[in-house]
Amino acid sequence: MSDRQARYQYIYGSAARVLEEVPAEQPVKKRQPETTKRTAQPKVKHNPKVLEFNGRFTAVLALSIMAVVVFCVTYLYGQSLIGSQMNQIARKQTTLATLRSENQSLEANLEKKIDYDAIKEQAVELGMQAPTEQNTIYYEGTPSDYVRQYAEIPITQN
């Protein structure tokens with residue numbers, strides 16, 4: 001068989017054919033440079049002005065550090081104030097919610113205690129009458145939240 005026929009030949013079965021192993025290439029060793037001995041480097045002579053104590057620099061540095069510390073303390077104090085105010089707001093909101101629920105329950109209890117039938121009977125005994133259609137006066141209101149009455153409402157007959 002030619003090489004081409006062997007390469008494209010159909011193989012029956014489910015196993016893959018075993019390929020020939022390619023020999024691994026030997027890594028090429030790089031030449032390491034020769035190590036040289038270090039010679040003693042000459043000592044650097046420091047400028048005496050550099051080692052001198054500079055009062056202006058120290059004062060500016062101290063003032064800068066103090067400014068940063070003051071800023072940090074002020075920032076932390078402001079953050080603690082904000083935190084305490086948030087806690088107070090939360091406590092007051094809780095108190096408000098409690099008071100509202102108590103108020104609603106008290107209003108419900110008062111509403112239950114009112115006897116509308118007894119009030120109606122007492123009103124009839126005192127001479128009050130239920131309004132009739134002739135006693136009812138209709139007027140057109142404004143679509144605002146409240147009405148300001150400057151004069152008497154005119155009586156109209158329907």
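Quick caveat: nothing in here was measured; it's all calculated off a predicted structure.
- Members clustered with Ile65: Phe57, Leu61, Val69, Val73, by chain and number, using a 4.5 Å side-chain heavy-atom cutoff among hydrophobic residues.
- With rounding to the nearest 0.5 angstrom, the CG atom of Leu76 is 9.5 Å from the CZ atom of Phe71.
- For the side chain to side chain donor-acceptor pair (under 3.5 Å) condition, no pair includes a residue of residues 78-93, sequence neighbours left out.
- Every side chain to side chain donor-acceptor pair (under 3.5 Å) that Thr132 has, sequence neighbours left out, goes to Asn135.
- When every heavy atom of Ser101 is checked against every heavy atom of Thr98, the shortest pair comes out as OG-O, 2.8 Å.
- Distance check, rounded to the nearest 0.5 Å: CG of Leu96 to CD1 of Ile89 gives 12.5 Å.
- Expressed to the nearest 0.5 Å, how far CD of Glu111 lies from CG of Asn109 amounts to 10.5 Å.
- The distance from the CD atom of Glu121 to the CG atom of Asp115 is 8.0 Å, given to the nearest 0.5 Å.
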